[in-house]
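Computed over heavy atoms, backbone and side chain alike; hydrogens, waters and symmetry mates excluded.
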Amino acid sequence: METNACTDIQLADLKPGTPARVVSVSSADAAAPVELGRRLAELGFLPGEAVRIVARGLMARAPIAVRVGTGTFALRLFEAACIRVRPEQPQPA
């Protein structure tokens, strides 16, 4: 049986269109961990919330469009890297 930690990835590494659930939000940057975590929580990035990447920017460091709950937000890659998600398998029709 797989451990959950093995299936958790950074939101920044999720493939566009893949459904996932937020596992945790934490900042690797010690300069502003509380403010960034609070901002992401206010946007709806909370454990258990459904999330998926809608679109990626054209350049490698461009922001990504992320759908969480009923809202769509643009996140910079360093913000998306603070969010751990667990990809979900699509439900059969």
Side-chain angles (χ1 to χ4, degrees):
M1 179 178 234
E2 291 183 9
T3 62
N4 292 340
C6 293
T7 59
D8 296 351
I9 62 171
Q10 292 180 351
L11 177 59
D13 297 330
L14 189 67
K15 293 183 181 183
T18 303
R21 294 268 171 196
V22 175
V23 174
S24 64
V25 178
S26 64
S27 177
D29 181 8
V34 175
E35 294 82 8
L36 179 58
R38 184 178 304 132
R39 178 179 170 270
L40 292 171
E42 288 172 355
L43 292 176
F45 292 95
L46 300 168
E49 195 65 43
V51 65
R52 68 183 168 91
I53 293 178
V54 178
R56 289 190 176 272
L58 297 176
M59 297 182 357
R61 299 187 65 192
I64 57 176
V66 180
R67 182 125 179 122
V68 60
T70 59
T72 302
F73 304 95
L75 292 182
R76 294 170 284 194
L77 292 181
F78 81 87
E79 294 169 321
C82 295
I83 302 168
R84 304 267 324 157
V85 300
R86 182 170 300 130
E88 295 182 331
Q89 297 299 325
Q91 298 298 324

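Under the 4.5 Å side-chain heavy-atom criterion for grouping Ile, Leu, Val, Met, Phe, Trp and Tyr, Val68 is not connected to Leu46 through any hydrophobic cluster. A continuous path of ILVMFWY side-chain contacts below 4.5 Å connects Ile53 to Ile9, so both sit in one hydrophobic cluster. In this structure, Leu11 is a member of the same hydrophobic cluster as Phe78, with clusters built from ILVMFWY side-chain heavy atoms closer than 4.5 Å.
Annotation for Val25 and Phe45: closest pair CG2-O, 3.3 Å, computed over non-hydrogen atoms. Of all heavy-atom pairs spanning Ala62 and Gly57, the tightest one is CB-CA, 3.5 Å. Minimum interatomic distance between Val22 and Ile83 (heavy atoms only, all atoms of both residues): CG1-CG2, 4.2 Å. Closest heavy-atom contact between Ile64 and Ala80: CD1-CB, 3.7 Å. Here the closest heavy-atom approach between residue Leu14 and residue Arg52 is recorded as CD2-CA, 4.3 Å. Counting all heavy atoms, side chain and backbone alike, Cys82 lies closest to Leu36 at SG-CD2, 3.5 Å.
Lys15 contributes atom NZ, which lies 10.5 Å from atom CZ of Arg56 (distance to the nearest 0.5 angstrom).
The pair Glu79-Arg76 meets the salt-bridge criterion, with a side-chain N (NZ, NE, NH1 or NH2) lying under 4.0 Å from an Asp/Glu carboxylate O. Under a 4.0 Å N-O distance rule, the pair Asp8/Arg86 qualifies as a salt bridge. Of the charged side-chain nitrogens involved, at least one lies within less than 4.0 Å of a carboxylate oxygen, so that Glu88 and Arg21 count as a salt-bridged pair.
A 4.5 Å side-chain heavy-atom check between Val66 and Thr72 finds every atom pair outside the cut-off.
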